[in-house]
Amino acid sequence: MTTSPPEYLEKNNLSEDGMKLLSILPKEKGWLGSYAYNYQGFWVPQKFLQAVIAFQQQFQAQDSDIILVTTPKSGTTWLKSLLFALVNRVKHPILEPNHPLLIENPHVLVPFLEHTLYFDGRTDDISTFTSPRLLATHVPFASLPKSVQVSKSKLVYLCRNPRDTFISMWHFTNSLLPDHKEADSIEEMFNLFCKGVSLYGPFWNHVLDYWKKSIEKPNKILFLMYEEIKKKPKIQLKRLADFLECPFSIEEENSGVVDDILNMCSFENLSNLEVNRNGKFSTGEAYKVFFRRGEIGDWKNYFTIEMCNKLNHIVEEKFQGSGLKFSYV
Ligand code: PAP
């Protein structure tokens, strides 16, 4: 394991209060040698802790907000693009040559609250963003700002089966290392994941809390799974449109708008765009790291029988009686 974590995971710019908090939080040596801190029951690297707190303290939800919540590596980039295309389809017709999704990365069009808008002491005036504001977060339900929970804002939740989520995260984290040197071994990272130590994890708590809330409040939270969107994209996109109260009209369906959105946001299309092949965030990370394979079942290339058994055992125990089932193929 590397001894000097990359900039992405660690940065020593916490306020004095932040440093005090850090000194009392439980910590674990996590991904790429950085420490993960257990804050309000979930694991977060130092780099994002202050931004999570700023988001909690400063964000004021508006009733028209649409907030995408995901477990990291569950297809966030994909759903950001689908949401943007869907909600803005009148302002930006799908086949227009300069559609924003053809020239900008989905993470720019649907920014993360803690990773972007409240990151590093930023003070953007997000109250003036065009309505409906499309925003994103990885923060667990119980730790969302109160105004999100009590407003009429809508939450779209996305998760993915834990095997593919883990493999995607393992590749992603290692891809942040220059020359992929000193990468984390899959065994070490898998053991941490099984202990619950993963970005915004434990994975099962994150998923289960949103699952239960989506049943309690079906008009507030829509629960989506990567595998279901892959297998039945039209049905899931229409579900999303209905939930957001912008259903497709018969004319739109007949003229192929649903397919046009799915084609524009497909892995093949997005990953081959110039902006996503060569563009970068202002912080230096390349957009291309968000496009790897985009498939269900890559776990088969990495998981041993023992790993499957170990994770199955945890997942079955945690999700018992919840009615929630993952698809692995
Ligand atoms: P984030 O949560 O850190 O923002 P996220 O977008 O969820 O990242 O992770 C990227 C994953 O989504 C990658 O999965 P993989 O490692 O298993 O390949 C990426 O390939 C996949 N992905 C990105 N865009 C699409 C898309 N348009 N369709 C399907 N999968 C996609």
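All ligand and atom numbering here is 1-based and tracks the order in the structure.
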query: For the ring pair Phe166 and Phe203, is the centre-to-centre distance below 6.0 Å?
result: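 Not close enough - the centres of the two rings lie 6.0 Å or further apart.
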What do you reckon, does [X] have a nitrogen or oxygen under 3.5 Å from a nitrogen or oxygen of ligand 1?
{"X": "Cys265", "result": "yes"}
{"X": "Gly294", "result": "yes"}
{"X": "Lys73", "result": "yes"}

message: I'd like to know if Asp298 and Arg292 make a salt bridge, using a cut-off of under 4.0 Å between side-chain N and carboxylate O.
response: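 A salt bridge is present here (some side-chain N lies under 4.0 Å from a carboxylate O).
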- request: May I ask whether Phe172 places a heavy atom under 4.0 Å from ligand 1?
  value: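 Phe172: no contact with ligand 1 (<4.0 Å).
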Tell me which one of [options] gets a heavy atom nearest to [atom].
{"atom": "atom 26 (C) of ligand 1", "options": "Trp78, Trp299, Phe290, Tyr200", "answer": "Trp78"}
{"atom": "atom 17 (O) of ligand 1", "options": "Arg293, Lys230, Arg160, His171", "answer": "Arg160"}
{"atom": "atom 20 (O) of ligand 1", "options": "Lys80, Met264, Arg292", "answer": "Arg292"}
{"atom": "atom 16 (O) of ligand 1", "options": "Ser168, Ser175, Gly297", "answer": "Ser168"}

- prompt: Yes or no on ring-ring contact (aromatic ring centres under 6.0 Å, His included) for His138 and Phe48, after CA distance, side-chain angles and deciding distance?
  reply: CA-CA 11 Å; His138 288 314; Phe48 299 132; 8.7 Å; no
Under 4.0 Å from ligand 1, counting heavy atoms only, is it the side chain of [X], its backbone, both or neither?
{"X": "Ser81", "answer": "neither"}
{"X": "His138", "answer": "side chain"}
{"X": "Ser74", "answer": "backbone"}
{"X": "Lys288", "answer": "neither"}

Hey, what do you get for [atom1] ([X]) to [atom2] ([Y]), rounding to the nearest 0.5 Å?
{"X": "Leu134", "Y": "Asp65", "atom1": "CG", "atom2": "CG", "value": "9.0 Å"}
{"X": "Lys300", "Y": "Glu295", "atom1": "NZ", "atom2": "CD", "value": "10.5 Å"}
{"X": "Leu262", "Y": "Trp78", "atom1": "CG", "atom2": "CH2", "value": "8.0 Å"}
{"X": "Lys280", "Y": "Ser282", "atom1": "NZ", "atom2": "OG", "value": "12.0 Å"}

message: One pair to check against side-chain contact (heavy atoms from CB on, under 4.5 Å): Phe223 and Val207. What are the steps and the verdict?
response: CA-CA 9 Å; Phe223 190 95; Val207 175; 3.8 Å; yes
Give the atom numbers and elements of ligand 1 that come within less than 4.0 Å of a heavy atom of [X].
{"X": "His107", "answer": "4 (O)"}
{"X": "Phe291", "answer": "20 (O), 23 (C), 24 (N)"}
{"X": "Pro72", "answer": "2 (O)"}
{"X": "Ser266", "answer": "27 (N)"}
{"X": "Gly75", "answer": "5 (P), 6 (O), 7 (O), 12 (O)"}

query: Considering all heavy atoms of both residues, which atom of Leu324 and which atom of Met225 are nearest to each other, and what is their separation?
result: CD1-CE, 3.7 Å
query: Out of Thr76, Leu68, Val69, which one pairs with Thr137 under the side-chain contact (heavy atoms from CB on, under 4.5 Å) rule?
result: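 When Thr76, Leu68, Val69 are each tested with Thr137, the side-chain contact (heavy atoms from CB on, under 4.5 Å) holds only for Val69.
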task: Give me the one residue out of Leu109, Leu101, Ile261, Val110 that meets side-chain contact (heavy atoms from CB on, under 4.5 Å) with Ser81.
output: Leu101
